[in-house]
Amino acid sequence: MAVNSTICPVFSDNDPLCFHPVSHPFYYSTKVQLVQGIPDHILTLAAPIIAYWSLSLFFHFLDISKWKWLEKYRIHESAEVQAKNLATRTEVVWAVIFQHIVQTALGLLWLSDGGPQVVDHGVRMRNIAVLLQPLITPFMGEHLAQAVLPDVAYFVYWWGVPSIQFLAAIFWIDTWQYFLHRAMHVNKFLYKQFHSWHHRLYVPYAFGSLYNHPVEGFLLDSLGAAIAEWLTGLTNRQAMVLFVVSTLKTVDDHCGYSLPFDPLQLVTGNNADYHDIHHQVIGIKSNFAQPFFIHWDVVLGTRMTRQEIEQRKEKYGKNK
């Protein structure tokens, strides 16, 4: 996306709502291509795949490291992976590669190159200021309102709107995945034909996070993310951030470690330990929420905690 060629093409320089010069926040790049020689839409498709395998290999390295200090953070003992999982690592790798191929094909059809776009950020901020002016003037007075409007419009344009877009996209992905995921457990046909693939991994591990039936992988992950990008009007670069964060979160949720220093596990209660409960027999009809937050589980009564599992085991032991 190219930098704006003009700041105030139709307004007077004396206009207090004429923004010039326009400064950009640290995250914004004026480059036509974020990485020279790679169109942004191609980079948007490549970035989550690179993120997936990079983080997966990091956790795989931890799995094979045999470091004693890691044992207390493992959710399951290493032997359980081989003893309880019904899919081989080779089967998992090939299934994930196929999903990435399908995901990329959908992205090539969905995302457009569009070429360099000239965006007049100054005019867009002025439009925001014009909308905000009648809202804040009664509270601040005309003089003070005109003084703060440029800063307020700048914040709304560069930080407020993108944040709302990102949060709305997250909410959509969480909603899409919760209800489709839950449906695949409630409906016996959907579970048997499609979702049971993923539950062949009784003990999850990082690079098996996208081990799905191809139909489920397309509907649950790829299509849901594409619709989120479309509904919220994300640019290719914004979509890249969303897809990478979503991918990292999905991998982390299946990593098999409850790490107190993992930022992805600290931000939200929907983490590796939370999702691991869902992969156990006792919790398979619970904890459908993924990949970001657990609000749907809480609101609809499908949340299960480790404490509840222990209470059930204790109750079962007493009644046995």
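Only a predicted model underlies this, so the values are computations on that prediction, with no experimental measurement involved.
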For residues His275 and Asp253, report the shortest heavy-atom separation together with the two atoms involved.
CB-O, 3.8 Å
Can you establish whether the number of heavy atoms outside Phe261 located under 6.0 Å from its atom CZ is more than 12?
yes
Is a side-chain donor or acceptor of Ser65 paired with a backbone partner of Leu62 at a separation under 3.5 angstrom?
yes
Is the side chain of Gln103 donor-acceptor paired with the backbone N or O of Ser222 at a distance under 3.5 Å, no angle test?
no
What heavy-atom pair brings Ile75 and Ser258 nearest, and what distance separates the two atoms?
CG1-N, 3.9 Å
Mind checking whether Phe292 and Val267 sit in one hydrophobic cluster, side chains of I, L, V, M, F, W, Y counted as touching below 4.5 Å?
no
Which one of Phe288, Tyr191, Trp176 satisfies the ring-ring contact (aromatic ring centres under 6.0 Å, His included) criterion with His181?
Phe288
Ignoring hydrogens, what is the shortest heavy-atom contact between Ala226 and Leu106? Give both atom names and the distance.
CB-CD2, 4.4 Å
Using a strict threshold of under 4.0 Å (side-chain N to carboxylate O), is an ion pair present between Glu71 and Arg74?
yes
Report, as yes or no, whether the 6.0 Å neighbourhood of atom CZ on Phe179 holds more than 12 heavy atoms from other residues, nucleotides or ligands.
yes
Pair His198, Glu216: side-chain N/O donor-acceptor within cut-off below 3.5 Å
no
Do Leu300 and Arg182 come within less than 4.5 Å of each other through their side chains, counting heavy atoms only?
yes
State which residue, out of Phe98, Phe218, Phe194, fulfils the ring-ring contact (aromatic ring centres under 6.0 Å, His included) condition with His213.
Phe194
NZ/Lys192 to CG/Asn187 distance, rounded to the nearest 0.5 angstrom?
12.5 Å
Measure across Ala169 and Leu242 and return the closest heavy-atom pair with its distance rounded to 0.1 Å.
CB-CD2, 3.7 Å
Would you please say whether a donor-acceptor pair under 3.5 Å links the side chains of Tyr28 and His121?
yes
Does Lys249 form a side-chain contact (heavy atoms from CB on, under 4.5 Å) with Thr268? I'd like the steps, not just the answer.
CA-CA 10 Å; Lys249 189 70 175 60; Thr268 168; 3.4 Å; yes
Test side-chain contact (heavy atoms from CB on, under 4.5 Å) applied to Tyr27 and Val241, step by step:
CA-CA 11 Å; Tyr27 68 79; Val241 175; over 6 Å; no
Pairing donors with acceptors under 3.5 angstrom, does anything connect the side chains of Asp221 and Gln99?
yes
Is there a path of hydrophobic side-chain contacts, each under 4.5 Å between heavy atoms, that joins Leu144 and Phe139?
yes
Between Glu308 (side chain) and Thr305 (backbone), is there a donor-acceptor pair under 3.5 Å?
yes
Would Asp252 and Phe59 count as a side-chain contact (heavy atoms from CB on, under 4.5 Å) if you check the C-alpha gap in whole Å, the side-chain angles of each, and the deciding distance to 0.1 Å?
CA-CA 9 Å; Asp252 196 87; Phe59 281 116; 3.5 Å; yes
Contacts of Trp94 meeting side-chain contact (heavy atoms from CB on, under 4.5 Å) (sequence neighbours excluded), chain-then-number -> Thr90, Ile97
Would you check, one step at a time, whether the test ring-ring contact (aromatic ring centres under 6.0 Å, His included) holds for Phe61 with Trp67?
CA-CA 10 Å; Phe61 171 75; Trp67 290 334; 5.4 Å; yes
Asp40 side chain to Arg237 backbone, donor-acceptor under 3.5 Å
no
Gly269 versus Tyr274, closest heavy-atom pair with distance:
O-CB, 3.3 Å
Can you tell me if Gln280 uses its side chain to pair, donor with acceptor, with the backbone of Asp276 under 3.5 Å?
yes
Side-chain heavy atoms under 4.5 angstrom apart, residues restricted to Ile, Leu, Val, Met, Phe, Trp, Tyr: same cluster for Ile284 and Phe189?
no
For residues Tyr52 and Thr250, is any side-chain donor paired with an opposing acceptor at under 3.5 Å?
no
His279 side, atom NE2; His199 side, atom NE2 - distance, nearest 0.5 Å:
5.0 Å
Taking only Lys NZ, Arg NE, NH1 and NH2, and the carboxylate oxygens of Asp or Glu, determine whether Asp120 and Arg126 approach each other closer than 4.0 Å.
no
Pairwise side-chain contact, Val161 with Val156, heavy-atom cut-off 4.5 Å (strictly under)
yes
Show the numbers, then the answer: is there a side-chain contact (heavy atoms from CB on, under 4.5 Å) between Asp262 and Leu266?
CA-CA 6 Å; Asp262 184 341; Leu266 295 175; 5.8 Å; no
Distance from Phe243 atom CZ to Leu248 atom CG, nearest 0.5 Å?
13.5 Å
Inter-residue atom distance Met125.CE - Asp151.CG, 0.5 Å rounding:
10.5 Å
Under the 3.5 angstrom rule, does the side chain of Thr44 hit a backbone N or O of Asn236 as a donor-acceptor pair?
yes
Flag for His185-His278: side-chain donor and acceptor within less than 3.5 Å:
yes
Sub-4.5 Å side-chain heavy-atom contact between Tyr202 and Leu86
no
Ala87 backbone acceptor or donor facing Asn85 side chain under 3.5 Å:
no
Can you tell me how far apart CG (Leu34) and CD1 (Ile42) are? Round to the nearest 0.5 Å.
14.0 Å
Do Tyr211 and Arg200 have side-chain heavy atoms sitting under 4.5 Å apart?
yes
Single-linkage hydrophobic cluster Leu135~Phe155, side-chain heavy atoms < 4.5 angstrom:
yes
With a 4.5 Å cut-off on side-chain heavy atoms, are Gln33 and Ile38 touching?
no
Cut-off 3.5 Å, side chains only: do Asp63 and Tyr257 have a donor facing an acceptor?
yes
Treating Ile, Leu, Val, Met, Phe, Trp and Tyr as nodes and any side-chain heavy-atom pair under 4.5 angstrom as an edge, say whether Val215 and Leu220 lie in one connected cluster.
yes
Quick one: does Trp296's side chain have a donor or acceptor within less than 3.5 Å of a partner on Thr302's backbone?
no
When you measure from the side chain of Gln265 to the backbone N and O of Leu259, does any donor-acceptor pair fall under 3.5 Å?
yes
For His295 and Tyr178, I'd like to know if the aromatic rings sit close, meaning centre-to-centre distance below 6.0 Å.
no
Supply the atom-to-atom distance Ile227 CD1 to Thr232 OG1, rounded to the nearest 0.5 angstrom.
11.5 Å
So, the side chain of Asn212 versus the backbone of Trp197: is there a donor-acceptor pair under 3.5 Å, distance only?
no
Provide the closest heavy-atom pair for Ala289 versus Ile294 in the form atom of the first, atom of the second, distance.
CB-CA, 3.9 Å
